[in-house]
Amino acid sequence: MANPAGHEDRKQEQLERRRVSPEGAAGLTTDQGVRVDDTDNSLKAGERGPSLMEDFHLREKITHFDHERIPERVVHARGSGAYGHFTLTESLAEYTTAEFLCDTSLTTPVFVRFSTVAGSRGSADTVRDVRGFATKFYTNQGNFDLVGNNMPVFFIQDGIKFPDFVHAVKPEPPNEIPQASSAHDTLWDFVQLQPETMHMMMWLMSDRALPRSYAMMEGFGVHTFRLVNAEGRGTFVKFHWKPKLGVHSLAWDETQKIAGKDPDFNRRDLWDRIDAGDFPEYELGVQLVPEEDEHRFGFDLLDPTKIIPEEEVPVRTVGRMVLDRNPDNFFAETEQVAFHLGNVVPGIDFTNDPLLQARLFSYLDTQLIRLGGPNFPQIPVNQPVADVRNHQRDGYHQMRLHQGQASYHKNSLGGGCPAVGGPGSFTHYQERVDGEKIRKRSDSFKDHYSQATLFWNSMSDWEKEHIVGAFRFELGKCEHKQIREGVVAQLNHVDHGLAVQVAEGVGVEPPSDAATANHGRTSPALSQDTQPGSVQGRKVAILVADGVDSAAVGAVGDALAEAGAVCEVLAAKDGHVQAANGAQVTVTRAMPTVASVLYDAVLVPGGEASVRTLAQDGAAVHFVAEAFVHCKPIGALDEGVALLERAGITGVKTSQDGTVEDAGVVTGRGPGGGFGAALIEAIGGHRHWRRRKDHVPA
Ligand code: HDD
């Protein structure tokens with residue numbers, strides 16, 4: 001079975017054998033395969049009498065329903081998944097024996113699950129949170145799971161602190177408030193007392209925590225892993241995913257509104273993109289560090305609160321992943337997929353990062369309770385494409401029909417099979433280990449601030465503004481003043497100016513001097529300001545009413561669609577509107593069913609009557625004003641400019657000659673004359689964060 005790129009896909013072949021469809025099915029049966037004559041009425045003693053115990057169909061149907069739920073993941077409960085494939089563009093054979101990283105002719109099937117961390121399974125997608133980015137590679141040598149996040153560092157350095165951290169960030173015990181939010185006392189209490197969190201908190205307060213799309217997010221393996229080559233030589237490695245569409249984020253106010261208007265925003269975006277053939281794509285990058293260089297950095301490579309700045313060790317692109325298939329069934333696949341950091345293949349090994357080491361225990365352990373026993377690797381989405389042969393037997397939900405007498409090694413009754421060892425066997429990296437048994441944090445893990453400062457220094461003006469706003473919001477939700485003060489005191493080690501700005505917003509006395517001097521270093525790769533933009537998959541709302549200039553809708557709509565955007569025509573009511581020239585323009589959606597926050601850009605075509613109607617419609621005026629406040633590109637043609645004025649969008653330098661001004665507002669007389677191209681360029685720029693917008697009420 002081939003994937004959309006034409007590559008043979010062993011995973012899909014395997015899944016195909018498990019697919020069942022009700023289409024054309026002959027008749028409804030029980031789980032025992034017995035046809036039933038009625039599934040709407042239980043068996044009763046008389047029409048109005050009690051139901052009978054012997055009604056096996058009723059009992060089975062209700063029992064199954066009663067047991068439909070499994071425990072949600074203790075973290076990362078909210079997620080969305082997709083299948084795809086990975087192709088290698090540059091062989092790493094010099095560093096590893098992992099076949100899928102050596103052989104550029106191979107295509108490896110993958111399943112990826114994106115997630116938020118703190119919220120429950122039904123929580124909104126667009127909360128301020130880290131995003132999980134977990135990839136299962138179904139390699140010919142067994143499954144390799146890269147269980148990463150969209151941020152390259154973590155909150156804590158040692159896994160033994162994970163329960164403390166998660167208890168602090170999850171809703172508070174007395175009342176389970178707030179859902180899917182870090183803006184509350186317990187999290188920030190933890191932060192003020194655990195300074196190793198500071199680097200990660202900078203990332204979490206940045207726009208990285210508000211991804212526009214899973215297709216616009218980086219992914220990071222976080223820990224330093226180890227590649228091992230045929231000679232047994234190890235090389236440290238950090239894994240990176242880089243999205244083809246660049247890294248782009250939503251506005252904070254927008255995310256909160258989307259959480260109500262469409263809590264499935266990121267899930268829907270992923271599904272719709274794949275459904276439309278607009279496949280999310282990522283490059284796999286590696287940072288490689290020879291073992292002899294382990295101590296050449298000013299930090300410890302085993303410390304998961306540190307990055308290796310890309311300027312120090314460049315990210316080498318070695319492959320490409322395309323997500324090209326939606327799952328058949330959410331529960332069977334996205335819910336039951338079980339990732340485990342310990343799923344490695346020959347040529348990839350661990351390091352002594354104490355966070356990583358604890359994870360090696362936690363993931364297998366959690367699946368046992370979540371999926372109800374040790375046979376979860378037999379669930380279709382988890383099954384490797386490599387053959388499985390061993391003496392593990394029995395357990396809940398055993399699906400295999402093991403043959404023969406011998407379920408032990410060594411045996412003679414089974415012909416000694418399966419044999420142990422041989423070519424392609426996993427051999428653990430032979431690392432010399434000796435030391436005192438000791439419960440202590442290494443001194444090399446003690447610098448908690450310098451990379452938080454590096455991150456802050458590397459931000460552009462608007463990114464800094466967003467970070468200050470985020471700290472003010474979160475601390476502003478903390479009831480205890482001493483927690484606000486404690487966090488400001490921590491920030492004063494990161495950057496004095498930052499600490500002062502945050503303090504001023506949350507009613508805390510600003511510190512008079514820096515607690516630690518800012519080192520002044522930057523890493524430009526950390527900023528989103530220079531990320532590549534793209535029009536691909538951007539959603540554009542075209543606002544219309546009777547009397548619209550249909551030629552403009554057609555011309556600009558076609559140009560946008562050609563560039564890869566998804567245009568939707570919105571009017572007060574569904575159906576169609578009558579254009580000025582008498583033509584009918586089909587309405588994609590009625591405005592009350594959507595909102596500006598669900599679109600990337602707005603276009604207001606001309607047509608005097610149309611614009612007059614829109615200008616009297618509060619929903620349309622608010623639509624434009626809100627899009628403006630969220631820094632979205634806005635295009636207006638001819639009379640359409642009047643709607644912008646009605647929305648309070650005045651005094652903005654617009655682009656009328658085909659060049660895009662910083663404000664990202666494009667106006668024109670008629671759809672020709674470079675208007676379409678200028679609007680497309682403005683949309684490709686994602687958001688116009690530097691726009692002045694405080695005067696617009698929305
Ligand atoms: Fe974890 C789930 C990523 C630290 C324990 N983690 C989970 C998922 C992702 C991550 C993406 C969701 C997988 C899925 O979609 O099913 N976790 C990370 C990263 C970490 C990290 C990047 C730090 C670098 N995690 C971490 C620690 C522990 C755990 C330190 C425990 C000691 N994580 C778990 C877990 C979960 C999990 C309890 C919950 C559900 C699951 O595993 O399958 O085992």
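Atoms within a ligand are numbered from 1 in the order they appear, just like the ligands themselves. Atom set for the values below is all heavy atoms of this structure, side chains included, hydrogens, waters and symmetry mates excluded.
Centroid-to-centroid, the aromatic rings of Phe190 and Phe155 stay 6.0 Å apart or farther.
Stacking of Lys238 on the aromatic ring of Phe220 is not recorded, the 6.0 Å distance cut-off and the 45° axial limit not both being met.
Using a 4.5 Å heavy-atom threshold, the side chains of Leu101 and Leu88 count as touching.
Ionic pairing of Arg320 and Glu283 is not present here: no N-O contact between side-chain nitrogen and carboxylate oxygen is shorter than 4.0 angstrom. Ion pair Arg73/Glu335 flagged as a salt bridge, since at least one NZ, NE, NH1 or NH2 atom sits closer than 4.0 Å to an Asp/Glu carboxylate oxygen. Using a cutoff of 4.0 Å between basic side-chain nitrogens and carboxylate oxygens, Lys161 and Asp158 are not scored as salt-bridged. With respect to the salt-bridge test (charged N to carboxylate O, under 4.0 angstrom), the residues Asp264 and Arg78 qualify. Using a 4.0 Å cut-off between charged side-chain N and carboxylate O, Asp447 and Lys306 make no salt bridge.
The contact set between ligand 1 and His223, taken as ligand atoms under 4.0 Å from a residue heavy atom, comprises 24 (C). Those atoms of ligand 1 with a heavy atom of Leu355 less than 4.0 angstrom away are 23 (C), 24 (C), 30 (C).
Looking at atom 38 (C) of ligand 1, its nearest protein heavy atom turns out to be Val74 CG1, 3.4 Å. In this structure, atom 22 (C) of ligand 1 lies nearest to the protein heavy atom Asn149 ND2, 3.1 Å. The protein heavy atom nearest to atom 15 (O) of ligand 1 is Arg113 NH1, 2.7 Å. Nearest to atom 41 (C) of ligand 1 among the protein's heavy atoms is Thr366 CG2, 3.4 Å. Among all non-hydrogen protein atoms, the one lying nearest atom 23 (C) of ligand 1 is Phe154 CD1, 3.3 Å. In this structure, the protein non-hydrogen atom closest to atom 13 (C) of ligand 1 is Phe339 CD1, 3.8 Å.
Between Phe86 and Phe100, the ring planes are perpendicular. Angles over 60° get that label, and only those under 30° would be called parallel.
Shown are the protein N/O/S atoms under 2.8 Å from atom 1 (Fe) of ligand 1, given by residue and atom: Tyr363 OH.
Remark: distances from the non-hydrogen atoms of Gly148 to ligand 1 include one below 4.0 Å.
Taking only nitrogen or oxygen atoms, main chain and side chain alike, Arg73 reaches within less than 3.5 Å of ligand 1. Backbone and side-chain nitrogen or oxygen atoms of Gln367 are examined, and one is located within less than 3.5 angstrom of a nitrogen or oxygen of ligand 1.
Residues passing the side-chain contact (heavy atoms from CB on, under 4.5 Å) test with Glu311, sequence neighbours excluded: Pro309, Ser523, Pro524, Ala525.
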Practice item. Before giving the answer on salt bridge (Lys or Arg N to Asp or Glu O under 4.0 Å), spell out for Arg296 and Asp293 the whole-Å C-alpha distance, their side-chain angles and the decisive distance to 0.1 Å. Key: CA-CA 5 Å; Arg296 94 164 151 89; Asp293 287 355; 3.4 Å; yes

